[in-house]
Amino acid sequence: MFRIDTAFNLGKIFGIQFRLHYTWFIIFLLVAVSLSWQVFPILYPGWSGLTYWVIGIVTSLLFFASVVAHELAHSLVARFYGIPVRSITLFIFGGMAQITREATRPGTEFRMAAAGPVCSLVIGGLFALLWLFTQDAIEPIAALAFWLAQINVVLVIFNLIPGFPLDGGRVFRSLIWRFTGNYKRSTQIAVRVGQGVGYLFILAGILIVFLQPYGLSWFSGLWLAFIGWFLENAASASYRQVQWRDGLRGFSASQVMTSVYSVVPPNITVNQLVYGYPFAGGYGFFMIVDEGRLEGILTLDNIKAVPRQNWDVTQVKDIMTPIDKLNVAYPDQDALNILEQMEEKDINQMPVVSGGRVIGLITRDNLIRFLHLRSVLGR
Ligand SMILES: [Zn+2]
């Protein structure tokens with residue numbers, strides 16, 4: 001669905017990578033323009049044109065700073081409990097902290113999930129105070145403070161909807177988990193609610209687009225439907241992830257790897273490779289092996305990057321991804337850990353190497369097959 005990994009790195013906050021996804025610019029522009037052009041001019045007539053824009057842009061920036069603070073609150077609590085946080089990304093629907101593992105205890109999950117809304121509530125309160133002190137004196141500052149107080153409260157309410165993976169859904173899951181002791185079942189329930197909320201949003205959004213009740217614009221309907229679609233997707237995706245993790249727990253690389261892959265020597269040409277070697281297992285993927293040692297891997301993308309007329313003069317070793325730039329797995333390595341690495345680096349296959357020699361291959365496909373087999377056997 002949504003490729004959040006195509007984002008700019010902006011630097012680190014408290015040691016956590018902070019990133020901007022390109023879709024964030026769309027939402028930032030939308031918020032800044034609607035504040036400067038519509039919201040503030042309608043509510044507070046009489047400012048200068050420049051004031052509307054300055055206050056509009058500063059308000060938008062502070063809004064996104066509030067979102068970052070919210071995500072940072074989740075992340076710092078996670079880190080406090082020893083759960084690593086990869087990054088915080090701002091994107092079209094706000095912020096997202098990439099927390100690499102799930103909490104192992106309901107109490108931890110509860111605190112991690114609640115930290116964000118609590119932080120937003122505090123920020124909202126601070127802006128409300130600022131509004132109180134400036135409302136009679138400096139109207140533009142008061143306007144900024146009022147809008148930010150409001151939006152932070154909206155953020156709290158939205159996030160407390162009890163559908164996974166929203167914060168409310170996580171709180172909800174932690175409570176069921178706490179009382180039933182069943183992590184999988186609690187996740188299932190919270191995900192179902194999350195999917196239900198997503199569908200409701202889509203339905204409500206479509207109704208708004210066509211009926212435009214209470215003067216709501218078709219655009220807000222579209223937006224709501226869009227958010228609903230995103231929530232439904234995220235709920236389903238996080239459930240799949242939970243299932244995957246559960247199924248791989250306790251297995252090592254050597255137990256889940258496949259031995260079906262194509263091995264080719266480094267000094268043949270691309271032509272020889274394409275016409276002379278089998279695409280074993282249906283993967284567009286080759287292990288480049290010289291005298292038993294893994295030298296690198298070659299994917300279809302590497303091959304496609306070479307113009308066809310150069311196929312008979314280009315050797316595979318010139319276009320392969322060499323071993324030192326490769327992620328490899330070790331036979332005893334935890335399968336779940338390998339999956340996490342593959343997700344983190346967005347790679348589809350990993351050679352399993354022992355003492356420099358290839359002994360197997362792990363691909364997402366064969367992990368899925370492995371999980372499928374286990375579920376068929378009811379294990
Ligand atoms: Zn949150």
Side-chain angles (χ1 to χ4, degrees), residues 1-2 4 7 13-14 16-21 23-24 27-28 31 60 62-81 83-103 105-127 148-177 186-187 190-191 193-195 197-198 201 223-224 226-239 241-242:
M1 44 162 256
F2 211 78
I4 198 74
I13 318 175
F14 293 106
I16 296 166
Q17 187 64 244
F18 175 47
R19 297 156 29 113
L20 273 189
H21 190 251
T23 55
W24 175 78
I27 189 69
F28 176 77
V31 173
S60 319
L62 286 172
F63 166 51
F64 288 104
S66 310
V67 173
V68 171
H70 173 112
E71 295 303 326
L72 205 55
H74 288 305
S75 306
L76 292 180
V77 173
R79 218 165 52 174
F80 178 80
Y81 287 103
I83 298 173
V85 180
R86 205 186 313 148
S87 57
I88 292 176
T89 308
L90 279 181
F91 71 123
I92 195 160
F93 297 123
M96 193 191 273
Q98 272 97 5
I99 296 173
T100 54
R101 278 192 278 119
E102 297 282 334
R105 296 162 72 169
T108 311
E109 158 116 285
F110 180 87
R111 289 183 196 100
M112 257 165 67
V118 168
C119 173
S120 294
L121 203 61
V122 170
I123 295 175
L126 289 175
F127 280 118
L148 285 165
Q150 230 177 11
I151 198 77
N152 272 288
V153 172
V154 170
L155 219 58
V156 172
I157 294 170
F158 174 74
N159 272 297
L160 285 184
I161 295 173
F164 200 80
L166 289 171
D167 299 340
R170 289 180 176 278
V171 168
F172 181 51
R173 172 172 77 172
S174 75
L175 293 176
I176 315 175
W177 185 9
S186 335
T187 307
V191 162
V193 177
Q195 288 170 324
V197 170
F201 274 34
W223 193 246
L224 193 66
F226 202 29
I227 291 179
W229 168 81
F230 174 71
L231 283 181
E232 199 285 321
N233 254 302
S236 305
S238 34
Y239 189 56
Q241 243 184 17
V242 169

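In listed order, ligands and their atoms are each counted from 1.
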So T89 and H21, side chain to side chain donor-acceptor pair (under 3.5 Å) or not? Walk me through it. CA-CA 7 Å; T89 308; H21 190 251; over 6 Å; no
Where the Zn ion (ligand 1) is the corner point, what angle links NE2 of H70 with NE2 of H74, to 10°? 100°
Whether E71 has an N, O or S atom under 2.8 Å from the Zn ion (ligand 1): no
So which of the N, O or S atoms of D167 lies nearest the Zn ion (ligand 1)? OD2
Should the pair W229 and F226 be assigned to parallel (<30°), tilted (30 to 60°) or perpendicular (>60°) ring geometry? parallel
Looking just at side-chain N and O atoms, do D167 and H74 make a donor-acceptor pair shorter than 3.5 Å? yes
For the residue pair R173 and S186, confirm or rule out a side-chain donor-acceptor distance under 3.5 Å. no
